[in-house]
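Values reported hereafter were calculated over all heavy atoms of this structure, with side chains retained and with hydrogens, waters and symmetry mates removed. These numbers were taken from a predicted model, which means no experiment stands behind them.
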Amino acid sequence: MSDQKESPEETRIRHTRNFGVIAHIDAGKTTFSERVLFITGKNHKIGEVHDGGATMDYMQEERDRGITITSAATSCDWGKYKFSLIDTPGHVDFTVEVERSLRVLDGAVGVFCAVAGVQPQSETVWRQANRYNVPRIAFVNKMDRTGADFYKAIETMRERLNANAVPLVMPIGREKDFIGLVDLIEMKSCIWADNDAREMTVGDIPDELKEEAQKHREIMIEAVAECHDDVLEKFLEGKEISNDEIQMAIRKGTLDLKITPVFCGSAFKDKGVQNVLDAIVDYLPSPLDVPPIEGIDPESDEKVSFKLRSDEPFASLVFKTISDPNGDLTFIRIYSGQMKQGERYYNGRSRRYERIGRLMRMHAMTREPIDVAEAGDIVAVVGIKDAITGDTLSTRDHPVVYEAMTFPDTVISMAIEPKSAGDRDKLSSIIGKMVREDPTFKAVTDEQTGQMVISGMGELHLEVKCNLITNDHKIGVTVGRPKVAYKMTLKGPKKVEARHIKQSGGSGQFAVARVRFSTDEDVEHCKYIDAIKGGSVPREYIPAVGHGITTAVKSGGRLGFPFCKVVAELYDGQSHDVDSSVMAFEAAGVQAFRMACEGNSQLLEPIMKIEIEAPEEKTGDVIGDLSSRRGLVEEMITKPGGISSVTGKVPLSEMFQYSTMLRSLTQGRGTYSMEPSTYEPVPPNIAEKVLEDIAKD
């Protein structure tokens with residue numbers, strides 16, 4: 001790519017790559033990230049996940065468990081290119097970390113296990129990347145494992161992710177005999193040295209592989225030619241296509257989300273990582289290749305868009321906060337202008353200023369101080385007081401608010417209280433910081449019992465939070481048993497007439513609202529429809545009825561579980577010239593919903609998508625146990641190495657402490673992963689028991 005006629009700043013930005021590493025838990029994301037840091041010279045020794053020494057897993061909880069819990073940002077150089085890399089978690093309980101990282105990244109590397117292929121959490125992170133239109137390349141890892149199959153893994157990407165996966169390499173050997181690969185663009189072989197896979201010999205393709213390599217190259221050219229009109233024309237005319245033209249077509253196809261280039265290797269053995277680093281440069285976007293992000297002027301509500309240049313007005317997005325004894329860290333992606341240490345910037349949401357105390361680049365938890373950050377950079381800031389995830393920082397003269405991020409509802413909760421009464425205020429303060437850090441972690445005080453109730457995405461999520469309170473903050477806590485976050489909905493349609501009429505001397509209250517209630521699967525909480533004809537309810541009172549209904553839907557009636565999938569249509573009503581008011585019609589809205597619920601509501605429970613991997617001979621026991629938990633088996637696949645994969649759906653309420661049961665059923669060889677799927681009605685006999693338990697509490 002030519003740098004001619006570019007300004008120094010354009011060249012700097014064109015040589016920047018902001019990307020994340022995404023995958024299912026245990027596919028090798030953190031190991032891959034560690035190899036990137038080692039090969040680029042950022043680290044002088046390799047940190048291993050299995051012995052708790054990984055640079056990117058810097059929290060004690062991560063090192064103890066051998067999993068990534070919080071996304072870690074780092075930067076490194078590869079030739080003349082500057083990389084900003086975010087290693088994200090693979091466990092569904094920490095999906096918020098993937099969500100907010102993908103929101104600010106330009107590209108991603110998806111890591112897949114060569115043995116397991118696409119796994120449930122791979123699908124989740126892939127959908128998140130689709131939502132933010134993030135171009136991706138794929139790395140099929142663990143090619144040296146027993147049962148590894150490069151082409152089977154690619155097939156699962158096509159089937160389960162609907163991805164147009166195009167391999168740009170062909171493995172040489174498999175499992176323990178995996179010794180190198182064929183570069184299908186250059187048509188050269190790369191054989192790794194036995195003692196150091198960073199050393200490789202590039203040479204001619206072995207004779208016995210030439211025919212197979214040519215076949216795979218032709219398949220690749222046919223797939224990528226469709227991404228570029230000029231290359232497609234040459235392909236259809238049967239003309240020779242140069243390697244530069246192939247790369248140009250691959251880059252365009254990747255940026256347009258038409259193809260996903262696929263590479264392979266073994267990150268643990270350093271094999272294939274260098275090829276991916278080159279591919280990040282060649283095929284993933286620089287900040288200049290991404291369309292300018294559009295925001296809203298909070299004063300005028302007009303659309304605003306700035307160019308990715310340092311001389312444009314400053315605009316940036318806060319995508320993560322971390323509580324830290326040395327000053328809370330706020331992670332920021334800069335979209336235009338410059339951020340300078342000591343300056344003040346405007347928060348369009350809170351309408352307040354934030355002062356930048358210290359500005360730095362992050363290397364996991366190591367900080368490199370800088371004075372100025374430029375457009376396209378991802379940096380961390382100390383000193384910000386009020387900004388939270390999703391806030392936009394800009395200037396007062398050119399204010400802008402970018403679209404905030406949306407996060408899933410919590411599915412599990414439990415009571416928590418300090419063992420010592422003197423720690424109550426300290427615990428509240430710490431939990432307040434955790435809530436600010438993690439948008440999927442919630443805390444409320446139960447009005448009836450006075451207990452604090454914390455909610456999250458799963459048992460592991462809440463367990464990690466409690467361990468942080470105990471180990472990092474030295475506060476002993478007592479926790480109640482986990483509780484499922486049930487919801488309610490209406491059983492069926494119902495028409496009601498709500499009459500809020502009161503006379504008590506002076507001006508009275510008068511409001512009559514006639515509302516049709518129904519349900520819609522696509523509605524999250526409540527959809528309010530104004531169907532008033534002929535002015536039976538004055539226009540100024542119509543929104544008040546909707547506000548009353550929506551408030552009642554979210555508050556959850558007598559059981560306290562929020563309602564969902566509710567459609568409310570105000571079709572008629574009555575008002576009084578003197579006694580009607582906004583407050584009266586709002587009260588009528590609340591009353592209307594309560595009337596709709598009488599004898600017409602049902603309990604919904606969260607249903608989880610589950611995948612269990614277990615030895616073939618234990619599959620019958622696993623399926624039997626799943627059925628006893630009201631689980632529904634959807635598919636069973638036999639994998640290499642005598643392993644069976646069982647996928648299905650199961651109510652969350654039946655899955656507490658499941659890991660212990662699975663270990664005992666499979667002699668410690670079974671693993672599973674779960675993610676929220678949907679909410680479904682609770683069977684009447686179970687619903688009765690749930691309501692009895694609630695009454696006892």
Discussion item. Quick check against the 3.5 Å criterion: does D278 have a side-chain atom that pairs as donor or acceptor with the backbone of N275?
Written reply: no
Worksheet entry | Working for side-chain contact (heavy atoms from CB on, under 4.5 Å), residues R358 and V381 | CA-CA 6 Å; R358 280 176 289 148; V381 170; over 6 Å; no
Worksheet item: Does R35 use its side chain to pair, donor to acceptor, with the backbone of A267 at less than 3.5 Å?
Response: yes
Practice prompt. In plain terms, say whether R158 and E155 are close enough for a salt bridge, that is, a side-chain N and a carboxylate O under 4.0 Å apart.
Written response: yes
Worksheet item: Short question: side chain of E9, backbone of S310 - any donor-acceptor pair under 3.5 Å?
Response: yes
Worksheet item: Is there a donor-acceptor pair closer than 3.5 Å between any side-chain N or O of E10 and the backbone N or O of S7?
Response: yes
Discussion item. So does L184 get a backbone contact from the side chain of R217, meaning a donor-acceptor N/O pair under 3.5 Å?
Written reply: yes
Item to complete: Decide, yes or no, whether a salt bridge links R333 with D377 under the criterion of side-chain N to carboxylate O below 4.0 Å.
Response: no
Discussion item. Return the CD1 to NZ distance between I370 and K340, rounded to the nearest 0.5 Å.
Written reply: 13.0 Å
Worksheet item: In this structure, are over 12 heavy atoms from other groups packed under 6.0 Å from N162 atom CG?
Response: no
Worksheet item: Any donor and acceptor pair, going by atom type alone, linking the side chain of T156 with main-chain N or O of V118 inside 3.5 Å?
Response: yes
Worksheet item: Side chains of M187 and Q214: closer than 4.5 Å at any heavy-atom pair?
Response: yes
Discussion item. I'd like to know if the side chain of N18 reaches the main chain of G376, judged simply by a donor and an acceptor atom lying under 3.5 Å from each other, with no hydrogens or angles considered.
Written reply: yes
Item to complete: State the CD1-CZ distance between I378 and F19, to the nearest 0.5 angstrom.
Response: 10.5 Å
Worksheet entry | Any donor-acceptor N or O pair under 3.5 Å, side chains E611, S645 | yes
Worksheet item: Thinking salt bridges, do E123 and K609 make one under a 4.0 Å N-O criterion?
Response: yes
Worksheet item: Any donor-acceptor pair under 3.5 Å linking the side chain of R17 with the backbone of I280?
Response: yes
Fill in: From CD1 (I86) to CD1 (I22), nearest 0.5 Å
12.0 Å
Worksheet item: Hey, what do you get for NE2 (H15) to OH (Y81), rounding to the nearest 0.5 Å?
Response: 4.0 Å
Discussion item. Measuring from atom CZ of F178 to atom NZ of K142, what distance do you get when rounded to the nearest 0.5 angstrom?
Written reply: 14.5 Å
Worksheet item: side-chain contact (heavy atoms from CB on, under 4.5 Å) between I185 and M220: does it pass, once the steps are laid out?
Response: CA-CA 9 Å; I185 298 174; M220 175 195 73; 4.1 Å; yes
Discussion item. For F139, run the ring pair (Phe, Tyr, Trp, His ring centres under 6.0 Å) check against F263, F150, F32 and tell me which one passes.
Written reply: F32
Practice prompt. Kindly say whether the aromatic ring centers of F314 and F306 come within a distance under 6.0 Å.
Written response: no
Discussion item. Could you check, using the six-membered ring where one of them is a Trp, whether Y151 and H216 have ring centers closer than 6.0 angstrom?
Written reply: yes
Worksheet item: Is R251 salt-bridged to D289, going by a charged N under 4.0 Å from an acidic O?
Response: yes
Discussion item. One thing to verify: whether K234 and E245 come together as a salt bridge, which I'm taking to mean a side-chain N less than 4.0 angstrom from a carboxylate O.
Written reply: yes
Practice prompt. Could you tell me whether the side chain of E175 and the main chain of D144 form a donor-acceptor pair under 3.5 Å?
Written response: no
Fill in: Charged N-O contact under 4.0 Å between D183 and K188
no
Discussion item. Measuring only between side-chain heavy atoms, which start at C-beta, is I259 closer than 4.5 Å to I250?
Written reply: yes
Worksheet item: Is it the case that S242 and D244 place a side-chain donor and acceptor less than 3.5 Å from each other?
Response: no
Worksheet item: Measuring from K258:NZ to C227:SG, what's the distance to the nearest 0.5 Å?
Response: 6.0 Å
Discussion item. Check whether E312 reaches the backbone of K307 with its side chain - one donor and one acceptor, N or O, closer than 3.5 Å.
Written reply: yes
